[in-house]
Q: 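The following block contains the structure, expressed as structure tokens.
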Amino acid sequence: MLPIAWYLLKVVLCTGILFGYYLVALRNKKFHLYNRFYLLASVAVSWLIPLLKINFWEDTTQQPQVINLLAVVATGDRYVAQANQLTWDWTIAVMLATVFVSLVFLTQLLVAI
């Protein structure tokens with residue numbers, strides 16, 4: 001029951017933030033079609049945003065390579081794999097997509113100016 005309450009609290013918070021933006025920036029604009037679209041989309045987005053889990057601080061408890069090497073030398077029966085291999089991680093993909101979208105918007109802004 002507690003996770004549902006946290007989720008609903010996050011939904012209310014997202015809805016409040018999006019509606020606050022509407023009140024500040026869009027309330028008295030002449031583009032009624034955009035205002036309607038924004039209000040409908042903000043309801044859907046405020047239900048979807050709390051489902052996303054973004055980890056800013058990841059707890060990495062990996063031992064440094066020096067300690068691994070010393071442990072191998074001390075025991076003599078362990079194998080140390082090479083750590084210089086490039087592995088694909090979804091966080092890298094998300095960061096690249098974010099940078100790409102930001103550059104597209106920055107280009108549009110500079111062209112408009």
Side-chain angles (χ1 to χ4, degrees):
M1 185 67 181
L2 191 60
I4 295 172
W6 278 113
Y7 174 74
L8 291 177
L9 181 67
K10 290 177 185 179
V11 168
V12 169
L13 183 66
C14 290
T15 304
I17 291 171
L18 293 172
F19 186 66
Y21 172 73
Y22 171 79
L23 289 178
V24 170
L26 301 175
R27 182 175 50 176
N28 294 325
K29 299 292 181 188
K30 294 179 182 178
F31 304 112
H32 296 294
L33 180 65
Y34 177 72
N35 287 352
R36 290 180 188 136
F37 171 74
Y38 178 80
L39 287 173
L40 289 173
S42 67
V43 171
V45 168
S46 66
W47 282 92
L48 293 176
I49 286 177
L51 295 176
L52 298 177
K53 183 176 181 182
I54 301 172
N55 292 331
F56 288 110
W57 299 279
E58 291 184 10
D59 186 24
T60 57
T61 58
Q62 185 179 15
Q63 290 182 344
Q65 291 296 332
V66 174
I67 295 175
N68 265 344
L69 181 62
L70 291 176
V72 168
V73 170
T75 60
D77 61 350
R78 287 181 35 194
Y79 174 76
V80 176
Q82 293 238 347
N84 294 334
Q85 298 173 356
L86 180 63
T87 58
W88 182 257
D89 193 9
W90 283 106
T91 57
I92 295 171
V94 170
M95 288 174 53
L96 288 175
T98 304
V99 168
F100 177 73
V101 170
S102 298
L103 288 175
V104 167
F105 286 145
L106 180 65
T107 305
Q108 287 181 347
L109 176 67
L110 292 176
V111 167
I113 290 177

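This one's a predicted model, so the numbers in the text were calculated from it and none came from an experiment.
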Q: Could you tell me which residues satisfy side chain to side chain contact (heavy atoms under 4.5 Å, CB included) with I49, sequence neighbours excluded, listed by chain and number?
A: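 Partners of I49 under the side chain to side chain contact (heavy atoms under 4.5 Å, CB included) test: C14, V45.
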Q: Does any non-hydrogen side-chain atom of L52 lie less than 4.5 Å from one of L48?
A: no
Q: Taking side chain to side chain donor-acceptor pair (under 3.5 Å) as the definition, give me every residue that meets it alongside S42, ordered by chain and number, with sequence neighbours left out.
A: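 Partners of S42 under the side chain to side chain donor-acceptor pair (under 3.5 Å) test: none.
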Q: Heavy-atom distance under 4.5 Å between the side chains of F19 and L23, does that happen here?
A: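 Of all side-chain heavy-atom pairs linking L23 with F19, at least one is under 4.5 Å.
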Q: Do the ring planes of Y7 and W47 sit parallel (below 30°), tilted (30 to 60°) or perpendicular (above 60°)?
A: tilted
Q: Going from CG on L26 to CG on L39, what distance comes out if it is rounded to the nearest 0.5 angstrom?
A: 8.0 Å
Q: Is I4 reachable from V11 through a run of I, L, V, M, F, W or Y residues, each pair having side-chain heavy atoms under 4.5 Å apart?
A: yes
Q: Hey, quick one: are V43 and L51 part of the same hydrophobic cluster, counting side-chain heavy atoms closer than 4.5 Å, chains of contacts allowed?
A: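 Yes, one cluster joins them.
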